[in-house]
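Written out below as structure tokens is the structure these notes cover.
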Amino acid sequence: MNNRIKVKAALAATAPAQGVRVCGWVRTRREGKGFAFLEINDGSCLANLQAVVDEGLPGWDDMPRAGTGAAVEVSGDLVESPGKGQRWELRATAMRLVGEADPESYPLQKKRHSDEFLRSIAHLRPRTNKFGALFRIRSEAAQAVHDFFRQRGFSWVHAPIITGSDCEGAGEMFRVTTLDPYAGKAQGPGDDFFGKAASLTVSGQLAAEIFACSLGDVYTFGPTFRAENSNTPRHAAEFWMVEPEMAFADLTDNMDLGEAFLKFLVAQLRERCAEDLALFAAWVDKTLEATLDGILAGPFARVSYTEAIALLEKEATTAKGAPRFEYPVSWGLDLQTEHERFLSEEIFKRPVIVHDYPKDIKAFYMRQNDDGRTVAAMDVLVPRVGEIIGGSQREERADVLAARIREMGLPEEEYWWYMELRRFGSVPHSGFGMGFERLLMMVTGVTNIRDVIPCPRTPRHLEF
Ligand code: 4AD
Ligand code: MG
């Protein structure tokens, strides 16, 4: 008889139920005269289910060991709770201690722990309210990504994880090798597994382009890797990216898609994760509701990079004459997070799409504009996070692309197939990458990327 129910289902019950079974971890145990209350959480939702266990029931002898952190199975009847604070409770007929947790050493005591401390126990942090909620939201967000593209007729492409080409041309790649790096013998790429240098992918875009130029509208969604040695709260060495790519689409189509995508995700998560999101609005970021409202409210602002620089230059000193930014602002320099946030939080007070960046700060594949100095790039900047999406229209003209690859000193022969896509039925096409963790930071108000990744990988951190 499978009478097991999840806490979420129990709490959403519309009628009492007899003979059910709940399995989970004890959050708290309170003892009264001749009975005990167990608050049980099974990870299915934020709330706990209260079980009332009377003295003398099967398993009662184990009650002293069924404290915070212990795994238990409680059988009984789901009944309306006479107590305050919950509609349903479980009237136990039996309790089974499944796995005990030594109260002396169990690290999750009943108090608020710092994010830093919880990072050091990433194997236990999903048992806290905050991280349980976070990782349920992460799961729902991933489902919503697929829903969005499915509704629009996009096909999901599985881009390779091991690659021989550097999509972004930034050289921040992790090497994949079967050679012993510590052996000290002189060996070259030719001796290695693939007979050439291999790396973990920094982006699925090039594979997405192949499939856009055959299936039409596609997206990738998977892990990507960057060996940026920047220990910032926004960068991880391993993160997930969503990369749509559309054939017969220009930069405006791309901006429209990015805007619709973010709005859809926020609306879906508000609907599907209301209880979990409320925790973040109450405890993590008091401005969260307003930020999310702002994303849904109206159209995103759109400005060219050149206009954005002019706006930032005007604001480069505060009213008191002090420099406002740590990093310089001038045409030709990349925008830093502080600039991106200022544009979005202070100047436009909503998400802003900056487009047409200088070609020298962008990747080789971006379509060159007629002015000879900018490319059809676009970044979506949002409050708190800064850049959440980076994308562009791709260079579809074979001669222009070949010249750019040479000009940037990239290994031309590596891109032979990429060039062929421009020779055989080339079409204007566009796409972008959305950092999945940046999305989660945006919707939860969490400010450190390490706290939205199950097992974060950052410089000098490879635990769990
Ligand atoms: O702007 P990026 O580098 O663009 C690309 O990789 C393109 N190939 C995407 C495309 O056009 N298909 O990265 C895209 C997004 C960024 O806007 C950011 O949200 C996220 O990926 N991102 C990171 N997230 C976490 N940690 C890192 N180290 C990240 N680097 C980029
Ligand atoms: Mg970028």
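Just so you know, ligand 1 is whichever comes first in the structure, and atom 1 is the first atom listed for that ligand. For the single chain, residues carry numbers from 1 onward in sequence order. Source: prediction; values computed, not measured.
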Cut-off under 2.8 Å, centre the Mg ion (ligand 2), protein N/O/S atoms: Glu387 OE2
Mind checking whether Phe300 and Phe348 have ring centres under 6.0 Å apart? no
Is the ring pair Tyr415/Tyr418 parallel, tilted or perpendicular, if the boundaries are 30 and 60 degrees? perpendicular
Let me see the working for Asp192 and Thr178 under side chain to side chain donor-acceptor pair (under 3.5 Å), right down to the final yes or no. CA-CA 6 Å; Asp192 211 340; Thr178 50; 3.2 Å; yes
Parallel, tilted or perpendicular: rings of Phe436 and Phe221 (30°, 60°): perpendicular
When the ring centroid of Tyr219 is compared with that of His146, is the distance short of 6.0 Å? yes
Using the ring of each side chain (for Trp, its six-membered ring), is Phe261 parallel, tilted or perpendicular to Phe432, with breaks at 30° and 60°? tilted
Restricting to side chain to side chain donor-acceptor pair (under 3.5 Å), what partner residues turn up for Arg234, sequence neighbours left out? none
When rounded to the nearest 0.5 angstrom, what is the spacing between NZ in Lys130 and CZ in Arg112? 7.0 Å
Going by side-chain hydrogen bond (donor to acceptor under 3.5 Å, both in side chains), name the pairs with one or both residues in residues 308-321, residues two or more places apart or in two chains. Glu315-Arg324
Collect the protein residues that have a non-hydrogen atom under 4.0 Å from ligand 1 and hand them over in chain and number order. Cys167, Glu168, Ser203, Gln205, Arg226, Glu228, Arg234, His235, Ala236, Phe239, Met241, Glu243, Tyr365, Glu387, Ile388, Ile389, Gly390, Gly391, Arg394, Gly431, Phe432, Gly433, Gly435, Arg438, Ile449
